[in-house]
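Just so we're clear, the structure is a prediction, and the values are computed from it rather than from any experiment. Order of the sequence lines fixes the chain letters, A, B, ..., with proteins taken first and strands second; residue numbering starts at 1 for each chain.
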Amino acid sequence: MSARRRRSIFDLVREYVEEIESLADEIVERFMEKPSWDVASQTLEPLCDVYVSRDNVIVTADLPKADPESIRISSIRDDLIEITAKMKVKVRFEDLGVTHRRGEFTCFCCRVQLPVPVDISKAKAKFVKGILEITLPRKKGYEIKIE
Amino acid sequence: MSGDNEIKIIEVRDIPEGVKIICGLPDVGLVGVIAAAHMISKMNLIEAAYVETDLLPPVIILENGMPKSPIRIFEGGGIAVINSEVAIPSDAIYPLMRSIVEWAWRKKAERVFTLSGLPVPNRHELEKIKVFGAASNGDMLKVLKDNEVEIIERGFLVGPQALILKYCVEKNISAIALLAESFYNYPDPEASSVVIQTLNRMLNINVDVSELVGKGEEVRLTMRDMMRRTQAELARMRKSQEYDIPGFYIK
């Protein structure tokens, strides 16, 4: 009879981490395998980033050539925001060095998933050097007092 | 054709020995890639070699309707610039960097420069971008100091420039890593321009960066997709370790 080695807590944690990593890889692959543009809606998907600090969730988006006056940030759900912006000029594939595709782009649009609960009504945004920065205060939980 | 896991650097025209090599490979802010592409264009460098390997995805660059390797070396006036037009899979970084440094050693490279970014969270608020450096030996550290480049005394480097420095030490090649403060996830032509200006001083060349800065928004639009794919590889190579504070150290 073969003796089955009991898995330690470290083995279990390692397996769990590997599973999460493989899932994350799969999500990244799926996200990557679609174009970052849509000719039908003349939309480019901007590069976005999300950072969680102690008090805020900070969302940034790279919006080169965006008209600052046209930037709109709306809440789709409690944990999902949409960023849209019109571009100052139309950008054609040709302008991006691509001659074998047809189409032009007039706006940016993306939806950003928020990782923790936020108070969207208190969000603030600024647009510096073509980078949009949205600061969303995190919702405060119940504070446990130390006796 | 290269066999499995084999990397060949194939020269299509003669590259002289003693050449200075500049590596601009995909990393944070695509600082090196943008800087290398700008230098190739402004210095009128000519395609001199390409990388042949099965470690990259099955991708080619079409140029005037004909296939080209996505990693190529352009040369002129004793300067060879290595540039990649695709994100390099994290699994390929080790063998590829080893091959590049091996090639630099065979070419008796006078010096190897690797250009990249140093991610800073408040990058868009910075008025003046600083360049930091690291080197493979004491003489190169002195070159950095003489050119008023602040040395990274202690910290982590992750990615192509980390391995280039490491392998250059092993091969006794003089090498310098130049890292400009940059965005992590967004193409950063302004940071690339600052790195080029530092190289201008070090190599006594005069690459004009005004066009690169002026066309910054176009560059950012064009480089979006490469940045997206590079982001995924940066995550796989645990690039965020550069933010880590090194462990306790007694002098």
> Run the side-chain contact (heavy atoms from CB on, under 4.5 Å) check on B/Leu62 and A/His100 step by step: do they pass?
Replying inline: CA-CA 11 Å; B/Leu62 285 171; A/His100 65 289; over 6 Å; no

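If you tally non-hydrogen atom pairs under 4.5 Å between each of B/Asn185, B/Val219, B/Thr222 and chain A, the highest count goes to B/Asn185.
For a residue to count as touching a neighbouring chain, one of its non-hydrogen atoms must lie under 4.5 Å from one of that chain's; by this rule A/Val98 does not touch chain B. Proximity to chain A (any heavy atom under 4.5 Å) is restricted, for B/Phe183, to the side chain, taken from C-beta onward. For A/Thr60, the parts sitting under 4.5 Å from any heavy atom of chain B are the backbone and the side chain alike.
Contacts of A/Lys88 classified as side chain to side chain donor-acceptor pair (under 3.5 Å), with partners at least two apart in sequence or in another chain: none. Contacts of A/Glu94 classified as side chain to side chain donor-acceptor pair (under 3.5 Å), with partners at least two apart in sequence or in another chain: none.
At a heavy-atom separation below 4.5 angstrom, chain B is approached by A/Lys126, A/Val128, A/Lys129, A/Gly130, A/Ile131, A/Glu133 within residues 116-140 of chain A. Residues of residues 186-196 of chain B that come within less than 4.5 angstrom of chain A, heavy atom to heavy atom, are B/Tyr186, B/Pro187, B/Glu190 in numerical order.
With rounding to the nearest 0.5 angstrom, the CG atom of A/Asp62 is 9.0 Å from the CZ atom of B/Arg224. Atoms CD and CG, on B/Glu218 and A/Asp95 in that order, are 8.0 Å from each other to the nearest 0.5 Å. Put simply, CG on B/Leu221 and CG on A/Leu44 are 6.5 Å apart, with the number rounded to the nearest 0.5 Å.
Summarising the geometry of B/Arg228 relative to A/Pro35, their closest heavy-atom pair is NH2-C, 4.3 Å, with the distance given to 0.1 Å.
Counting heavy atoms of neighbouring residues, nucleotides and ligands inside a 6.0 Å radius, atom CZ of A/Arg102 does not exceed 12 of them. No more than 12 heavy atoms of other residues, nucleotides or ligands sit less than 6.0 Å from atom CG of A/Asp78. B/Arg201 CZ: more than 12 foreign heavy atoms inside a 6.0 Å radius.
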